[in-house]
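Working notes for the structure below.
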2 protein chains.
Amino acid sequence: MPLRAKRTTAGEDMAEGPNNASGGENLLFLTDEQIRKGIEAMFFAYRGFTADPDRILTSQGYGRAHHRALHFINRTHGTTVNNLLAVLGVTKQSLNRVLRTLIEDGLVESRIGRTDRRERNLYLTAEGATLERALSEAQRERMRAAYRAAGPQAVAGFRQVLEAMMDDEIRTHYKTIKDRRT
Amino acid sequence: MPLRAKRTTAGEDMAEGPNNASGGENLLFLTDEQIRKGIEAMFFAYRGFTADPDRILTSQGYGRAHHRALHFINRTHGTTVNNLLAVLGVTKQSLNRVLRTLIEDGLVESRIGRTDRRERNLYLTAEGATLERALSEAQRERMRAAYRAAGPQAVAGFRQVLEAMMDDEIRTHYKTIKDRRT
DNA sequence: CATTTTATGTCAGCCTTGTTGACATTCCAA
DNA sequence: TTGGAATGTCAACAAGGCTGACATAAAATG
């Protein structure tokens, strides 16, 4: 067995992924060492991914949690608190702390729901939108550079693997972005 | 302008990534919406990425920081504290707290350096290696599933983009895994 | 209409994990 | 011998998770 990769898992005998063209040494991408490299790549890349916005945030007295809130409020204007909780995957107490400071500081506006008055609809103020844009632009710049360096094919693969790595319920949240007005 | 993607950045006019085969609509992968989707994909995927080991960790009274320490001690047996600090990117006080509990609990052994006796060389004990394997296996299982679902080409692209996203100094740490004894 | 459920907010307290600053120890190297 | 590097430790603090308990308003349901 020359090029055949050593595999440790049992598994249901290779369910043949979509891009698995020819057989044989293609299994190398499932080697334990390959997987391990992928794990470390995720760890290190995520650090880079958050580094730039983190700098802006600390300089303004905010944290990563504020960034996440701003991002998703911007993504879906008028989203409710419950909705945000589901997407962010934190407790309402935790989110509330973050949200309160953002509202106090005038970055986020909380309007009572029109159909259901129990709900609060969340919007970015002009100031909030400005900060969100700064954070997002810093992060986008790095991702854009990475995309450009890697090329379109790599980007497609990148997205495929990431999507496959998500939890199922989350994947639906992720996909709702397609319904977004540009 | 039919298929031409709307780009926001100035940038040095498309430095032609390696895989950028034909011109034109390939630039779609640099659209703001594409970049935004990539950002969210990173966020959601990272959550999935850490979910499984996190469950094990909490059940054992440890946190993600312990996992990271175990992982990198396992990756390079006998690494020094300073070395670990550089890779993990935290302060020595923060690492020390984590390391101390691992040593007290008998998962990690700290031996005084042979050439430089100021240094401590860190090793996993049998018990530590067992936990590391459990954590790592949970995480690998998910990544393996994602890899299998996406296929080898996608995996290659995944890794390319992640690597391009890292900070420069970190990328070297990442690449040292190639020198690893299997 | 009375009751229950839902959405949200808030208080209090706890944990992990990051931070700074100060200081002690050990020991290599100039 | 002395300066500086590597390491450890103590203390204090902050962000941001968590749980539990409780309050309020409004919708939903009987």
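So that the names make sense, note that chain A is the first sequence line, chain B the second, and so on, each numbered from 1.
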Report summary line: Rounded to the nearest 0.5 angstrom, the OG1-CD distance for A/Thr80 and A/Glu119 is 5.0 Å
Query raised in the report: With sugar-phosphate meaning primed atoms plus P, OP1 and OP2, does A/Thr115 contact a base, only sugar-phosphate, or nothing at under 4.0 Å between heavy atoms?
Result: sugar-phosphate
Query raised in the report: With sugar-phosphate meaning primed atoms plus P, OP1 and OP2, does A/Arg64 contact a base, only sugar-phosphate, or nothing at under 4.0 Å between heavy atoms?
Result: sugar-phosphate
Length of the [atom1]-[atom2] vector between [X] and [N], whole Å:
X	N	atom1	atom2	value
A/Arg120	D/dT24	CZ	P	14 Å
A/Gln60	D/dA15	CD	C1'	17 Å
A/Glu119	D/dA28	CD	P	10 Å
A/Ile112	C/dT6	CD1	P	21 Å
B/Arg100	D/dA11	CZ	C1'	12 Å
B/Leu102	C/dT17	CG	P	10 Å
B/Arg117	C/dA29	CZ	P	14 Å
A/Leu57	C/dG18	CG	P	17 Å

Query raised in the report: Which pair of non-hydrogen atoms, one from A/Ala69 and one from A/Leu102, has the smallest distance, and what is that distance?
Result: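 Shortest heavy-atom separation between A/Ala69 and A/Leu102 comes out as CB-CD1, 4.0 Å.
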Nearest of [options] to any side-chain atom of [X]?
X	options	result
A/Lys92	D/dA26, D/dT7, C/dT8	C/dT8
A/Ser94	C/dT17, C/dG9, D/dC18	D/dC18
A/Ala65	D/dG16, C/dT19, C/dA7	D/dG16

Query raised in the report: Quick one: the side chain of B/Arg118 and the base of D/dA5, do they pair up donor-acceptor inside 3.5 Å?
Result: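 Yes, a donor-acceptor pair under 3.5 Å.
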**Report entry** hbond_proxy A/Gln93 side chain to D/dG20 base (donor-acceptor, 3.5 Å cutoff)
**Finding:** yes
Query raised in the report: Are any of the side-chain nitrogens in B/Lys37 or B/Glu40 under 4.0 Å away from the carboxylate oxygens of its partner?
Result: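 Looking at B/Glu40 together with B/Lys37, the answer is no, because their closest N to O distance does not fall below 4.0 Å.
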Query raised in the report: Salt bridge or not for A/Arg140 and A/Glu137, using N-O below 4.0 Å?
Result: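 So A/Arg140 pairs with A/Glu137 through a salt bridge.
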Check this one for me: any side-chain N or O of [X] less than 4.0 Å away from OP1 or OP2 of [N]?
X	N	value
A/Arg68	D/dG17	yes
B/Asn96	D/dT7	no
A/His66	D/dA15	no
A/Thr91	D/dC18	yes
A/Asn82	C/dT6	no

Query raised in the report: For A/Arg97 and B/Leu99, take the nucleotide of DNA chain D holding the closest heavy atom to each; which residue's nucleotide lies nearer the 5' end?
Result: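 The 5'-side residue here is B/Leu99.
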Query - 5' precedence on DNA chain D between A/Gly61 and A/Asp116 (nearest-nucleotide basis) - result: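 It is A/Gly61 whose nearest nucleotide is closer to the 5' end.
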**Report entry** A/Gln139, A/His67, A/Arg64 screened by side chain to side chain donor-acceptor pair (under 3.5 Å) with A/Asp54, the one that passes
**Finding:**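 The single option meeting the side chain to side chain donor-acceptor pair (under 3.5 Å) with A/Asp54 is A/Arg64.
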Query raised in the report: Without hydrogens or angle criteria, can the side chains of B/Ser136 and A/Arg36 be said to hold a donor-acceptor pair below 3.5 Å?
Result: no
